[in-house]
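What you see below is based on every heavy atom in this structure, not just the backbone, and it leaves out hydrogens, waters and symmetry mates. For the single chain, residues carry numbers from 1 onward in sequence order. Only a predicted model underlies this, so the values are computations on that prediction, with no experimental measurement involved.
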Amino acid sequence: MTSTIPTASDTALLPGAAPLSHRGSRVGALLCHGFTGSPHSMRPWAEYLAEAGISVELPLLPGHGTVWQDMNRTTSDDWYAEAERALFDLAERCDEVHVMGLSMGGALSLRLAQEHPDLVTSVVLVNPSLALEDYRLPLIAPVRRLAARLLPSTPGIGSDVSLDDTVEGGYDRVPTAAAATLPKLWRAVQEGMSGLRAPVLAYRSTQDHVVGPRSLRILARRAVNTRVTIHLLRDSYHVATLDHDAPTIFAGSLAFVREQKRSGEGADR
């Protein structure tokens, strides 16, 4: 297994924040981490899928994995563009691609499936963030530049994990200007729900201190042209990919990928 090298030097990255790229079979999985997080929160999942023989891309989204000030120079468009680049890379070498996301990474995953139904076979979500539910996020400023100048950051929302001595590997501050671009992504995902064709497997923690139930209600209500399956996680907080229920997520996602192969469901190729 090899890891790609980000633009910043390794010494500038937070521990575990380096992206991961694995060349396996003609079945691919793209994993997207959450807002202010890093590949650290998704690495065990990515490695599990790679060990099962799947080709994996786990990119480091722009502005993440270094210092929070870097993130204030990026937007949700930048994060989506990096995820899209990884999707295109996987699609070049795979017959099918499954996108998987945690929190804001779930919104990116859904947007990829909406924009590229010919490339995305299925979607797996863990506590996806599709709307404002955590009012600690500083989204009140209409102008990003003004927000960054007056209030560059607020207290962090990361590491919501019930497992002892486990951290998410992200920032302890929320970059205000970057957070102010989240509604654009959320709106695009919500408005594109009727165009979603890839089947969706979603996991929701019953104890989540970052994302509430509204996001999955939006998904279940508006994704009318595909199959949405929701499983509850009763022993994990928001970052369930590093929590007690992680093995359930990993095994379930692999079974879901294999199910699409058997059923022929998903995008037409």
Undergrad: I would like to know whether Val124 and Trp45 meet side chain to side chain contact (heavy atoms under 4.5 Å, CB included); could you show each step before the answer?
TA: CA-CA 12 Å; Val124 182; Trp45 191 0; 3.9 Å; yes
Undergrad: Given the rule that I, L, V, M, F, W and Y join up when any side-chain heavy atoms are under 4.5 Å apart, are Val99 and Val228 in one cluster?
TA: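 The answer is yes; both residues are in one hydrophobic cluster.
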Undergrad: Tell me whether Glu259 is salt-bridged to Arg227, with the criterion being a basic N under 4.0 Å from an acidic carboxylate O.
TA: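 Between Arg227 and Glu259 there is a salt bridge, with a charged N closer than 4.0 Å to a carboxylate O.
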Undergrad: Can you check whether Val174's main-chain N or O pairs, donor with acceptor, with Thr36's side chain at less than 3.5 Å?
TA: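 The answer is no, because no donor-acceptor pair under 3.5 Å joins these two groups.
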Undergrad: Do you know which two heavy atoms are closest between Arg26 and Arg93, and how far apart they sit?
TA: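 In this case the closest contact between Arg26 and Arg93 is NH1-O, 2.8 Å.
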Undergrad: Would Glu96 and Arg258 satisfy salt bridge (charged side-chain N to carboxylate O under 4.0 Å, His left out), going step by step from the backbone distance to the final call?
TA: CA-CA 11 Å; Glu96 58 185 80; Arg258 291 171 173 168; over 6 Å; no
Undergrad: Mind checking whether Phe250 and Tyr48 have parallel, tilted or perpendicular rings, split at 30° and 60°?
TA: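 Rings of Phe250 and Tyr48: tilted, as their planes differ by 30° to 60°.
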Undergrad: Applying salt bridge (Lys or Arg N to Asp or Glu O under 4.0 Å), can you list everything that pairs with Arg187, at least two apart in sequence or on another chain?
TA: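 Not a single residue meets the salt bridge (Lys or Arg N to Asp or Glu O under 4.0 Å) criterion with Arg187.
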Undergrad: Shared ILVMFWY cluster between Met71 and Val67, side chains joined below 4.5 angstrom?
TA: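 In one cluster: no.
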Undergrad: Quick check: closest heavy atoms across Val126 and Ala240, and the distance to 0.1 Å?
TA: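 Closest heavy-atom pair between Val126 and Ala240: CG1-CB, 3.9 Å.
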Undergrad: Quick check for you: to the nearest 0.5 Å, what is the distance between Ser21 atom OG and Leu90 atom CG?
TA: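 Reported to 0.5 Å precision, the distance equals 7.5 Å.
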Undergrad: Can you tell me if Trp79 uses its side chain to pair, donor with acceptor, with the backbone of Leu108 under 3.5 Å?
TA: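 Not confirmed, Trp79 side chain does not pair with Leu108 backbone.
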Undergrad: Quick one, Ser41 with Leu102, criterion side chain to side chain contact (heavy atoms under 4.5 Å, CB included). Give me CA distance, side-chain angles, the key distance, then yes/no.
TA: CA-CA 9 Å; Ser41 63; Leu102 166 68; 3.8 Å; yes
Undergrad: Does Tyr171 have any ring pair (Phe, Tyr, Trp, His ring centres under 6.0 Å) partners at least two apart in sequence or in another chain, and if so, which?
TA: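 With sequence neighbours excluded, Tyr171 shows a ring pair (Phe, Tyr, Trp, His ring centres under 6.0 Å) to no residue whatsoever.
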Undergrad: Passes salt bridge (charged side-chain N to carboxylate O under 4.0 Å, His left out), Glu57 versus Arg23? Steps please.
TA: CA-CA 9 Å; Glu57 289 294 328; Arg23 288 184 175 268; over 6 Å; no
Undergrad: Quick check: do Pro199 and Gln260 have side-chain heavy atoms less than 4.5 Å from each other?
TA: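 Sidechains of Gln260 and Pro199: in contact.
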Undergrad: Roughly how far apart are Ile249 CD1 and Leu254 CG, rounded to 0.5 Å?
TA: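 If I round to the nearest 0.5 Å, the distance is 13.5 Å.
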Undergrad: Just wondering, do Pro155 and Arg173 contact through their side chains at under 4.5 Å, heavy atoms?
TA: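 Contact flag for Arg173/Pro155 side chains = yes.
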Undergrad: Is there a side-chain contact between Gln114 and Met193, using heavy atoms and a 4.5 Å cut-off?
TA: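 In contact.
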Undergrad: Shortest non-hydrogen contact from Ser129 to Ala107?
TA: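 What the structure gives for the nearest pair is O-CB, 3.4 Å.
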Undergrad: Check whether Tyr237 and Leu163 end up in the same hydrophobic cluster, where Ile, Leu, Val, Met, Phe, Trp and Tyr are linked by side-chain heavy atoms less than 4.5 Å apart.
TA: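 Different clusters: Tyr237 never reaches Leu163 through Ile, Leu, Val, Met, Phe, Trp or Tyr contacts under 4.5 Å.
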Undergrad: Using the ring pair (Phe, Tyr, Trp, His ring centres under 6.0 Å) criterion, which residues pair with Phe256? Sequence neighbours excluded.
TA: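 Ring pair (Phe, Tyr, Trp, His ring centres under 6.0 Å) list for Phe256, sorted by chain: empty.
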Undergrad: Looking only at heavy atoms, what is the nearest atom pair of Ser236 and Asp243, with distance?
TA: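 Distance-wise, the nearest heavy atoms are OG-CB, 3.3 Å.
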Undergrad: Report yes or no: does Asp208 contribute a side-chain atom to a donor-acceptor pair with the main-chain N or O of Val211 at less than 3.5 Å?
TA: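 Yes, the answer is positive, given that a donor and an acceptor are paired below the 3.5 Å cut-off.
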Undergrad: Do we see a donor-acceptor contact under 3.5 Å between the side chains of Glu47 and His22?
TA: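 Checked: Glu47/His22 side chains show no N/O donor-acceptor pair below 3.5 Å.
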Undergrad: Would you say that Pro59 contacts Leu30 through its side chain, given a criterion of any heavy-atom pair below 4.5 Å between the two side chains?
TA: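 Yes, their side chains come closer than 4.5 Å.
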Undergrad: Would you confirm whether Asn72, through its side chain, and Ala177, through its main-chain N or O, come within 3.5 Å as a donor-acceptor pair?
TA: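 Such a contact is found between Asn72 side chain and Ala177 backbone.
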Undergrad: If you apply the rule side-chain hydrogen bond (donor to acceptor under 3.5 Å, both in side chains), what do you find for His98 with Ser122, and how did you get there?
TA: CA-CA 5 Å; His98 306 263; Ser122 77; 2.6 Å; yes
Undergrad: I'd like to know if the side chain of Trp68 and the backbone of Asp172 have a donor-acceptor N/O pair within less than 3.5 Å.
TA: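 Not a single qualifying donor-acceptor pair exists.
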Undergrad: Has the side chain of Thr66 got a donor or acceptor atom that lies under 3.5 Å from a matching backbone atom of Ala12?
TA: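 It does not hold such a pair.
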Undergrad: Do Ser109 side-chain atoms and Gly105 backbone N/O form a donor-acceptor pair below 3.5 Å?
TA: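 A pair under 3.5 Å: yes.
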Undergrad: With distance as the sole test, does Thr226 use its side chain to make a donor-acceptor pair with the main-chain N or O of Leu196 at under 3.5 Å?
TA: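 Checking the backbone N and O of Leu196 against the side chain of Thr226, no donor-acceptor pair under 3.5 Å is found.
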Undergrad: Compare all side-chain heavy atoms of Thr241 with those of His33 and state whether any distance is below 4.5 angstrom.
TA: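 Thr241 does not reach His33 side chain to side chain.
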Undergrad: Identify the two heavy atoms, one from Ser215 and one from Leu130, that lie closest to each other, and give their separation to 0.1 Å.
TA: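 That would be OG-N, 2.9 Å.
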Undergrad: Starting from Ile230, can I reach Val200 by hopping between I/L/V/M/F/W/Y residues whose side chains sit under 4.5 Å apart?
TA: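 Yes.
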Undergrad: Please identify each residue that fulfils side-chain contact (heavy atoms from CB on, under 4.5 Å) with Asn225, with sequence neighbours left out.
TA: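 So Asn225 forms a side-chain contact (heavy atoms from CB on, under 4.5 Å) with Ser194, Arg197.
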Undergrad: Taking only residues two or more places apart in sequence, or in another chain, which ones meet Glu115 in a side-chain contact (heavy atoms from CB on, under 4.5 Å)?
TA: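 For Glu115 the side-chain contact (heavy atoms from CB on, under 4.5 Å) partners, ignoring immediate neighbours, are Tyr80, Arg111.
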Undergrad: On a heavy-atom basis, which atom in Ala198 and which in Val123 lie closest, and how many Å separate them?
TA: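 Smallest heavy-atom distance, with atoms named: CB-CG2, 4.3 Å.
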Undergrad: Measuring only between side-chain heavy atoms, which start at C-beta, is Pro152 closer than 4.5 Å to Gln69?
TA: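 Sidechains of Gln69 and Pro152: no contact.
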Undergrad: For the pair Ser55 (side chain) and Gly28 (backbone), establish whether a donor and an acceptor sit closer than 3.5 Å, ignoring hydrogens and angles.
TA: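 Between the backbone of Gly28 and the side chain of Ser55 there is no qualifying donor-acceptor contact (under 3.5 Å).
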Undergrad: Can the ring centroids of His209 and His238 be said to lie less than 6.0 angstrom from one another?
TA: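 Between His238 and His209, which both carry aromatic rings, the centre distance is not below 6.0 Å.
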Undergrad: Find the distance between CG (Asp70) and NE2 (His64) and round it off to the nearest 0.5 Å.
TA: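 Going from CG on Asp70 over to NE2 on His64, the span is 11.0 Å.
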Undergrad: A side-chain contact here means heavy atoms from C-beta on lying under 4.5 Å apart; do Val167 and Val161 qualify?
TA: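 Side-chain contact under 4.5 Å: no.
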Undergrad: Nearest 0.5 angstrom please: Leu110 CG to Leu219 CG, how far?
TA: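 Between Leu110 CG and Leu219 CG, I get 6.0 Å after rounding to 0.5 Å.
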Undergrad: Using only atom types and a distance under 3.5 Å, with no angle test, would you say the side chain of Arg73 pairs donor to acceptor with the backbone of Gly63?
TA: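 Between the backbone of Gly63 and the side chain of Arg73 there is no qualifying donor-acceptor contact (under 3.5 Å).
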Undergrad: How about Ser38 and Leu14: do any of their side-chain heavy atoms sit closer than 4.5 Å?
TA: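 They are not in side-chain contact.
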Undergrad: Can you spot which of His40, Arg43, Met42 makes a side chain to side chain contact (heavy atoms under 4.5 Å, CB included) with Leu242?
TA: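 For Leu242, the side chain to side chain contact (heavy atoms under 4.5 Å, CB included) check succeeds only for His40.
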Undergrad: Using the rule that Ile, Leu, Val, Met, Phe, Trp and Tyr join whenever any side-chain heavy atoms are under 4.5 Å apart, tell me whether Leu119 and Leu125 fall into a single cluster.
TA: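 Yes.
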Undergrad: Would you compute the distance between atom CG of Leu60 and atom CG of Leu20 and round it to the nearest 0.5 angstrom?
TA: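 Interatomic distance, Leu60 CG to Leu20 CG, rounded to 0.5 Å: 12.0 Å.
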Undergrad: Quick one, Arg85 with Asp89, criterion salt bridge (charged side-chain N to carboxylate O under 4.0 Å, His left out). Give me CA distance, side-chain angles, the key distance, then yes/no.
TA: CA-CA 6 Å; Arg85 181 206 60 77; Asp89 181 66; 5.2 Å; no
Undergrad: So, using side-chain contact (heavy atoms from CB on, under 4.5 Å) as the criterion, who are the partners of Thr206 when residues are at least two apart?
TA: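 With neighbours one apart ignored, the set is Leu232, Arg234.
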Undergrad: Does the side chain of Ser205 pick up a donor-acceptor pair with the side chain of Asn127 at under 3.5 Å?
TA: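 Present: a donor and an acceptor within the cut-off.
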Undergrad: Can you tell me how far OG of Ser253 sits from CG of Leu49, rounded to the nearest 0.5 angstrom?
TA: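 Here the interatomic distance stands at 4.5 Å.
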